[in-house]
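Heads up, the thing below is written out as structure tokens.
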2 protein chains.
Amino acid sequence: MSTTAPHAAPAKLQLLELLAAIGTAQWRDFATAAARHGLTSTQAKVLAQLNGPLPMRGLATLLVCDASNVTGIVDRLEARGLVRREPDPADRRVKNVVATDEGREVIRRVREEMQATHSALDTLDEAESTALYGLLERLRPTLERRA
Amino acid sequence: MSTTAPHAAPAKLQLLELLAAIGTAQWRDFATAAARHGLTSTQAKVLAQLNGPLPMRGLATLLVCDASNVTGIVDRLEARGLVRREPDPADRRVKNVVATDEGREVIRRVREEMQATHSALDTLDEAESTALYGLLERLRPTLERRA
DNA sequence: GCAGATGTTTGATGACCTCAAGTAACTCGA
DNA sequence: TCGAGTTACTTGAGGTCATCAAACATCTGC
């Protein structure tokens, strides 16, 4: 409301708030899509990390949470048949979590059903997508390292 | 890993994943800052919404959650003296939630202590900030409407 | 071989979240 | 004005997520 120039440099706080708004909206989109498949957002997030076999501990590290927490989440995913615990051949303490075929299919659908996000990204042309990608890619390392 | 051109147009899925990564990192930064003040991220989020008096129902709408949920969150914030329930003069059913001075101060500090986010945004020069702001501003309406 | 570190699980506790139900207060038309 | 329907808030039950402490099995290096 203060300045009027159409493309004035945004105040840092405004940019911060906008970034937060985008983040929440996308998260909500994800949670909604996950819910349609009977998954909580946390369960879907775990499923999304499982490209290959991953030990419980690795999962906990990725999620930045206590290992004991992962036990329950994987329990519930396993009960639904979306995930499997496999013994690690090299270390008998370790249990590797693997997504089942159904698990992979479900998370694929969740991603594809994030309509709000897809629609939003579709409003950008190719140059804009590239620009956005470049900018976000620059933010990422700093943002993730200092957390 | 597949293509090698430095500024090739990103696949939609890559952009989606990058956006998600940025969102989680920023959320984690927020949660960490909130925790330093003894707040859960949800509590901090509520505090962040309280620019003026807001009825419980309004809060629930903003948070996209059940009204009964807000009762407990506000209870805990009120117990810490960060928030106050005030009767609405126009409608005796309504309780308006207002941040106390201490509440406003705490949330101000939380925002200012989101170091990862601040550092990341500081890596952008003015033109880049402006570009990012413009792009995100374009995404926002679509992203929020379709949620 | 043994002390210490690591991976997983269990149990206790608390916050968050939803749904169903209850109470109080508002609204609007007959 | 009065009563039916709606709305705001709370309570209680039940489930998920998150932490910590403790137990247990297994690995590691000396």
Side-chain angles (χ1 to χ4, degrees), chain A residues 24 27-28 30-32 34-50 53-80 82-98 110 147, chain B residues 24 27-28 30-50 53-80 82-98 147:
Chain A
T24 4
W27 178 254
R28 192 146 61 229
F30 180 66
T32 303
R36 278 195 285 269
H37 295 273
L39 292 178
T40 66
S41 28
T42 306
Q43 289 165 356
K45 192 173 175 179
V46 165
L47 216 42
Q49 309 279 352
L50 290 179
L54 208 55
M56 302 290 288
R57 193 72 194 73
L59 220 40
T61 301
L62 283 177
L63 301 177
V64 196
C65 75
D66 195 272
S68 66
N69 193 10
V70 179
T71 300
I73 301 171
V74 170
D75 279 350
R76 288 179 281 271
L77 283 173
E78 199 171 26
R80 279 170 182 269
L82 303 178
V83 133
R84 221 175 28 242
R85 278 173 169 97
E86 288 181 350
D88 187 302
D91 187 338
R92 278 183 301 169
R93 293 171 300 178
V94 173
K95 292 174 187 170
N96 287 304
V97 186
V98 193
V110 168
Chain B
T24 1
W27 178 254
R28 192 147 62 230
F30 179 67
T32 303
R36 278 196 286 271
H37 295 273
L39 293 178
T40 66
S41 30
T42 307
Q43 288 165 357
K45 191 173 174 179
V46 165
L47 217 41
Q49 307 280 350
L50 288 179
L54 208 56
M56 303 289 287
R57 195 70 195 76
L59 262 177
T61 303
L62 284 177
L63 302 176
V64 195
C65 75
D66 195 273
S68 65
N69 192 10
V70 179
T71 299
I73 301 170
V74 170
D75 279 350
R76 288 180 281 269
L77 283 173
E78 199 170 26
R80 280 170 182 268
L82 302 178
V83 133
R84 222 175 27 244
R85 278 173 168 99
E86 289 182 348
D88 188 301
D91 187 336
R92 278 180 302 167
R93 292 170 302 178
V94 173
K95 291 174 190 171
N96 287 305
V97 186
V98 192

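Small disclaimer: the values here were computed from a predicted structure and weren't measured. Basis for what follows: all heavy atoms, side chains included, without hydrogens, waters or symmetry-related copies.
The backbone N or O of Leu59(B) lies less than 3.5 Å from no partner atom in the side chain of Gln49(B), so there is not a single donor-acceptor pair.
The side chain to side chain donor-acceptor pair (under 3.5 Å) test applied to Arg76(B) returns no partner, not counting sequence neighbours. Partners of Arg92(A) by side chain to side chain donor-acceptor pair (under 3.5 Å), not counting sequence neighbours: none found. Listed by chain and number, the residues in a side chain to side chain donor-acceptor pair (under 3.5 Å) with Thr71(A) amount to none (sequence neighbours excluded).
Shown here for Leu47(A) and Leu82(A), the closest heavy-atom pair between the two residues is CD1-O, 3.9 Å. Among all heavy-atom pairs drawn from Lys45(A) and Trp27(A), the shortest one is CD-CH2, 4.1 Å.
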List the atom pairs, with distances to 0.1 Å, where a side-chain N or O of residues 62-70 of chain B and a protein N or O form a donor-acceptor pair under 3.5 Å, not counting sequence neighbours.
from	atom 1	to	atom 2	distance (Å)
Asp66(B)	OD1	Ser68(B)	N	2.9
Asp66(B)	OD1	Ser68(B)	OG	2.7

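Taking side-chain N and O atoms only, Thr40(A) has a distance below 4.0 Å to OP1 or OP2 of dC17(D).
Protein chain B contacts DNA chain C from dA15(C) to dC26(C), reading 5' to 3' and using non-hydrogen atoms of the protein with a distance under 4.0 Å.
Put simply, CG on Asn96(B) is 15 Å from C1' on dT7(D), counting in whole angstrom units. Atoms CG (Asn69(B)) and P (dC17(D)) sit 15 Å apart, rounded to a whole Å. Look at CG on Asp75(A): it is 15 Å from P on dA18(D), rounded to the nearest Å.
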Inset, instruction - Starting at the 5' end of nucleotides 21-30 of chain D, put B wherever the base has a protein heavy atom under 4.0 Å, S where only the sugar-phosphate does, and a dash everywhere else. - result: ----BBS---

